[in-house]
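Letters A, B, ... are given to chains in the order of the sequence lines, protein chains preceding strands, and every chain is numbered from 1.
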Protein chains: 2
Amino acid sequence: MGLTRTEIFTEEQNLLASLFKAMAHPARIAILQRIILSNTCICGDLVGELGLAQATISQHLKELKSAGLIQGTIEGVSVCYCINPKVWKLLENRLGEFLGSYKGTTECC
Amino acid sequence: MGLTRTEIFTEEQNLLASLFKAMAHPARIAILQRIILSNTCICGDLVGELGLAQATISQHLKELKSAGLIQGTIEGVSVCYCINPKVWKLLENRLGEFLGSYKGTTECC
DNA sequence: AATAATGATCGTAATATTGCGATGTAATTA
DNA sequence: TAATTACATCGCAATATTACGATCATTATT
């Protein structure tokens with residue numbers, strides 16, 4: 001017990017859940033917003049701007065990266081992160097589909 | 001340590017994160033999909049259809065309810081759940097806004 | 001080469017999540 | 001009223017997440 005039984009769900013359900021999970025933390029939302037804002041990538045800035053330790057930021061970045069939402073390239077001494085356009089589009093599509101599948105027509109409960 | 005430092009983030013960031021968190025599990029995605037499918041509410045059916053114990057389903061329903069995504073009303077001996085249209089719309093708007101704020105214009109990393 | 005700067009990773013403590021059996025509760029049926 | 005049905009809640013074990021200090025690796029500067 002204690003671990004998600006992914007095997008009993010569909011690919012789609014697991015994919016959506018994992019994308020949601022990657023964004024299910026205010027720090028990661030903040031990181032994404034910050035990256036989007038200054039379209040051109042950043043990184044060390046994040047440590048200064050969010051009030052979290054460097055190790056913590058790095059960990060959150062890793063999660064976003066392993067979910068595919070962002071990508072990072074080494075740029076001299078620092079690392080430049082930016083949105084992964086492909087995955088972002090996929091997310092937009094799947095999410096739009098999922099959320100849009102509910103047409104609040106008939107009032108029930 | 002070990003607990004999310006919500007106080008250092010904005011309302012918006014915390015709200016988005018909590019909505020994502022509510023949906024960050026395949027079982028809860030499955031439950032939402034199932035509720036959406038048969039627009040009219042259900043409940044005990046879920047236990048039969050997803051391969052999880054009744055206690056587990058009940059727990060997931062509670063999380064979805066406390067996030068405001070669904071609502072339940074007692075219907076005789078059983079409980080009828082359905083989407084909370086208001087929160088769903090809010091979710092659609094906020095999410096659309098957030099995802100849409102990225103215009104994959106300039107390629108960077 | 002020595003030092004500094006930038007991040008990643010490790011180890012650890014605190015807390016949260018997931019899943020389930022067992023039990024409790026309220027309404028329905030016999 | 002007793003039994004049944006449909007859920008909720010409790011309590012527990014296994015695992016995951018969050019945060020951070022400390023340390024490691026890599027590149028840049030002196």
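Between the NZ atom of A:Lys65 and the P atom of C:dG7 there is a distance of 12 Å, given to the nearest Å. With rounding to whole Å, B:Arg5 atom CZ is found 15 Å from C:dA16 atom P. Atom pair A:Ile74:CD1 and C:dG7:P shows a separation of 11 Å (rounding to whole Å applied). The distance between atom CD of B:Glu75 and atom P of D:dC7, rounded to the nearest whole Å, is 10 Å. Atom C1' of nucleotide C:dT9 and atom CD1 of A:Ile57 are separated by 16 Å, given to the nearest angstrom. Atom CD1 of A:Ile70 and atom C1' of C:dG7 are 13 Å apart (whole Å). Separating the CZ atom of B:Phe20 from the P atom of D:dT17 is a distance of 17 Å, rounded to the nearest angstrom. For A:Phe9 and C:dT18, the CZ to P distance is 11 Å, given to the nearest whole Å.
For A:His25, whose side chain is taken as the heavy atoms from C-beta onward, the closest listed nucleotide among C:dG7, D:dT18, D:dA8 is D:dT18. Across C:dG19, C:dA27, C:dA8, the shortest atom-to-atom separation from the side chain of A:Val79 is found for C:dA8. The side chain of B:Lys21 sits closest to C:dT17 out of C:dA27, C:dT17, C:dC20. Proximity note for B:Ala55 (side chain, C-beta onward) versus C:dT9, D:dA19, C:dC20: the nearest is C:dC20. The side chain of B:Lys62 sits closest to D:dT9 out of D:dC20, D:dT9, C:dG7. Of the listed nucleotides (C:dG21, C:dT15, D:dA8), C:dT15 has the atom at the smallest distance from the side chain of B:Leu3. Ranking C:dG19, C:dA8, C:dT9 by closeness to the B:Leu52 side chain, first place goes to C:dG19.
OP1 or OP2 of C:dA8 sits under 4.0 Å from a side-chain N or O of A:Tyr81. Within the 4.0 Å cut-off from OP1 or OP2 of C:dG19, at least one side-chain nitrogen or oxygen of B:His60 is found.
Residue B:Tyr81 is not grouped with residue B:Val77 when hydrophobic side chains (ILVMFWY) are merged at heavy-atom distances under 4.5 angstrom, including chains of intermediate members.
Nucleic acid contact class of A:Ser78 (heavy atoms, under 4.0 Å, all strands): sugar-phosphate only. Nucleic acid contact for A:Ser58: base, since at least one base atom lies under 4.0 Å from a heavy atom of the residue. Nucleic acid contact for A:Thr4: sugar-phosphate only, since backbone atoms but no base atoms lie under 4.0 Å from a heavy atom of the residue.
Each of A:Val77 and A:Ala27 was matched to the nucleotide of DNA chain D holding its nearest heavy atom; the match closer to the 5' end belongs to A:Ala27. Both A:Val47 and B:Gln54 lie close to DNA chain C; mapped to their nearest nucleotides by heavy-atom distance, the more 5′-ward contact belongs to A:Val47. Both A:Glu63 and A:Gly76 lie near DNA chain D, and the one whose nearest nucleotide falls closer to the 5' end is A:Glu63.
Between the CG atom in A:Leu32 and the CG atom in A:Leu37 there is a gap of 12.5 Å [rounded to 0.5 Å].
Ring geometry for B:Phe98 against A:Trp88 counts as perpendicular: the plane angle is over 60°, on a 0 to 90° scale with 30° as the lower cut. Ring-plane geometry between A:His25 and B:Phe9 is classed as perpendicular, the angle between the planes exceeding 60 degrees on a 0 to 90 degree scale with a lower cut at 30.
For A:Ile8, the CD1 atom sits in a packed shell: over 12 heavy atoms of surrounding residues, nucleotides or ligands are nearer than 6.0 Å.
Judged by distance alone, with hydrogens and angles left aside, A:Gln59 brings a side-chain donor or acceptor within reach of the base of D:dC20, the pair sitting under 3.5 Å.
Remark: B:Asn93 pairs with no residue by the side-chain contact (heavy atoms from CB on, under 4.5 Å) rule, at least two apart or across chains.
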